[in-house]
Amino acid sequence: MSARKKSDTWMPIFIGDYLADTMRLSTIQHGAYLLLLMEYWRQGPLVDDMDELCAVCRTDRKTWDKTIWPSLSRFFEKKDDGLLHQKRADNERANAAEKKVKRSEAANARWGKKECKDDANASGMHEQSTCKGDDTQSSPLPSSLRSETSLTSFESERAQNPKSEKSKRACRLPADWRPSPEMAEFARSNGVDPERTAAVFRDYWVGVPDPKGRKADWSATWRNWVRREDGMQPNPQRTAPSDRRAAVNAAWAGVPDIEGV
């Protein structure tokens with residue numbers, strides 16, 4: 001590491017230690033010493049050039065030579081590199097640089113794990129999409145048949161693995177949806193016209209906004225719709241109100257009158 005390499009922009013100051021070492025400094029000497037420490041923290045050891053140090057402390061050479069440097073020189077030591085060193089500042093800069101390296105290594109390790117995980121997920125998704133793409137290319141179907149096939153596949157998967165049904169998300173009914181043969185047979189077995197009911201069912205649910213327009217099981221929704229349609233159908237075997245009244249009157253006609261009632 002170069003002696004002139006910049007450190008971080010923050011600088012630790014231990015107030016107790018600083019005041020213990022500088023109790024006899026004047027106000028102007030305190031200001032100059034702090035400016036020198038800030039320069040030291042940013043740039044490293046100071047150059048042994050009084051004019052440059054005057055510029056750092058924003059003072060003139062006369063004041064520097066007479067009032068400032070005679071009191072501050074004892075805090076610095078000129079070493080073999082020709083620079084002015086301050087022992088405490090060197091130690092603090094070394095500690096800060098070591099902590100910075102450790103934080104950088106820890107961050108790189110975290111990002112490395114994340115990248116490995118993302119690569120694994122991307123690889124798995126690519127394999128799944130490739131398999132789905134192969135299936136689609138091998139058996140292209142019209143949109144209406146694709147909708148029917150998707151619902152039929154959903155019913156088959158639900159029968160094989162009922163626990164996975166809870167994890168499925170709700171979806172909207174496709175605009176080109178048509179009932180599967182099983183759905184149509186269920187409607188006919190309940191006395192409901194599958195074609196007419198399917199058209200009403202599709203138009204209704206395609207027009208319903210979210211979130212009501214999303215269902216996790218459209219097959220179950222279809223069966224409930226058919227049952228409701230069946231309940232709304234007129235039943236010719238039901239007795240008309242006039243026939244019921246006639247039957248009640250006929251039943252009461254055979255009952256003798258009870259005195260006082």
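The residues of the chain are indexed from 1 along the displayed sequence. Atom set for the values below is all heavy atoms of this structure, side chains included, hydrogens, waters and symmetry mates excluded.
- In this structure, the separation between CE on M50 and CH2 on W64 is 6.0 Å, given to the nearest 0.5 Å.
- The pair R223-E182 fails the salt-bridge criterion, with no side-chain N (NZ, NE, NH1 or NH2) lying under 4.0 Å from an Asp/Glu carboxylate O.
- The two atoms that bring V226 and A187 nearest to each other are CG1-CA, 3.8 Å, heavy atoms only.
- At distances below 3.5 Å, at least one donor-acceptor pair connects side-chain atoms of Q29 with backbone N or O atoms of T67.
- With a 4.5 Å cut-off on side-chain heavy atoms, Y40 and E92 do not count as touching.
- Taking the side-chain hydrogen bond (donor to acceptor under 3.5 Å, both in side chains) definition, one finds that D49 meets it with nothing, sequence neighbours left out.
- For F75, the ring-ring contact (aromatic ring centres under 6.0 Å, His included) partners are Y33, not counting sequence neighbours.
- By the side-chain hydrogen bond (donor to acceptor under 3.5 Å, both in side chains) test, D60 is found to be paired with T63, residues two or more places apart in sequence or in another chain being considered.
- Of the possible polar contacts, none joining the W41 side chain to the A89 backbone as a donor-acceptor pair under 3.5 Å is found.
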Check against side chain to side chain contact (heavy atoms under 4.5 Å, CB included), L173 and F201: CA-CA 10 Å; L173 187 73; F201 179 84; 3.9 Å; yes
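- Of the possible polar contacts, none joining the R24 side chain to the T22 backbone as a donor-acceptor pair under 3.5 Å is found.
- Residues H85 and P45 come closest through the heavy atom pair CE1-CG, 3.3 Å.
- Rounded to the nearest 0.5 Å, atoms NZ (K79) and CD (E77) are 5.5 Å apart.
- Look at R88 and D21 and you find no salt bridge, because none of the NZ, NE, NH1 or NH2 atoms lies under 4.0 Å from a carboxylate O.
- Remark: the backbone N or O of A55 is not paired with any side-chain donor or acceptor of T59 at under 3.5 angstrom.
- Proximity of D217 to T221: side-chain heavy atoms (C-beta onward) are nowhere separated by under 4.5 Å.
- The CZ atom of R172 sits 4.5 Å away from atom CG of D210, with the distance rounded to the nearest 0.5 Å.
- With sequence neighbours excluded, the residues forming a side chain to side chain contact (heavy atoms under 4.5 Å, CB included) with A32 are C57, I68, L72, listed by chain and number.
- Expressed to the nearest 0.5 Å, how far CZ of R42 lies from CE of M11 amounts to 11.5 Å.
- Nearest heavy-atom pair, R58 versus V56, reported as atom, atom and distance to 0.1 Å: NH1-O, 2.7 Å.
- For the atom pair SG (C171) and NZ (K215), the distance works out to 11.5 Å, reported to the nearest 0.5 Å.
- In terms of the side chain to side chain contact (heavy atoms under 4.5 Å, CB included) criterion, D203 has no residue partners (sequence neighbours excluded).
- For residues 64-76, the set of pairs meeting the salt bridge (Lys or Arg N to Asp or Glu O under 4.0 Å) definition, not counting sequence neighbours, comprises R61-D65.
- Taking 4.5 Å as the limit, every side-chain heavy atom of D48 sits out of range of all side-chain heavy atoms of L83.
- Minimum interatomic distance between W205 and G213 (heavy atoms only, all atoms of both residues): CE3-CA, 4.4 Å.
- Using modelled atom types and a 3.5 Å distance limit, the side chains of T197 and E229 yield no donor-acceptor pair.
- When the side chains of ILVMFWY residues are joined at heavy-atom separations under 4.5 Å, either directly or via intervening members, F14 and Y18 end up in two distinct hydrophobic clusters.
- Put simply, the side chain of F186 does not reach to within 4.5 Å of the side chain of M183, judged on heavy atoms.
- The pair E185-R188 meets the salt-bridge criterion, with a side-chain N (NZ, NE, NH1 or NH2) lying under 4.0 Å from an Asp/Glu carboxylate O.
- There is no path of hydrophobic side-chain contacts, each under 4.5 Å, that joins W218 to V206.
- Between E52 and V47 the shortest heavy-atom distance is OE1-CG2, 3.1 Å.
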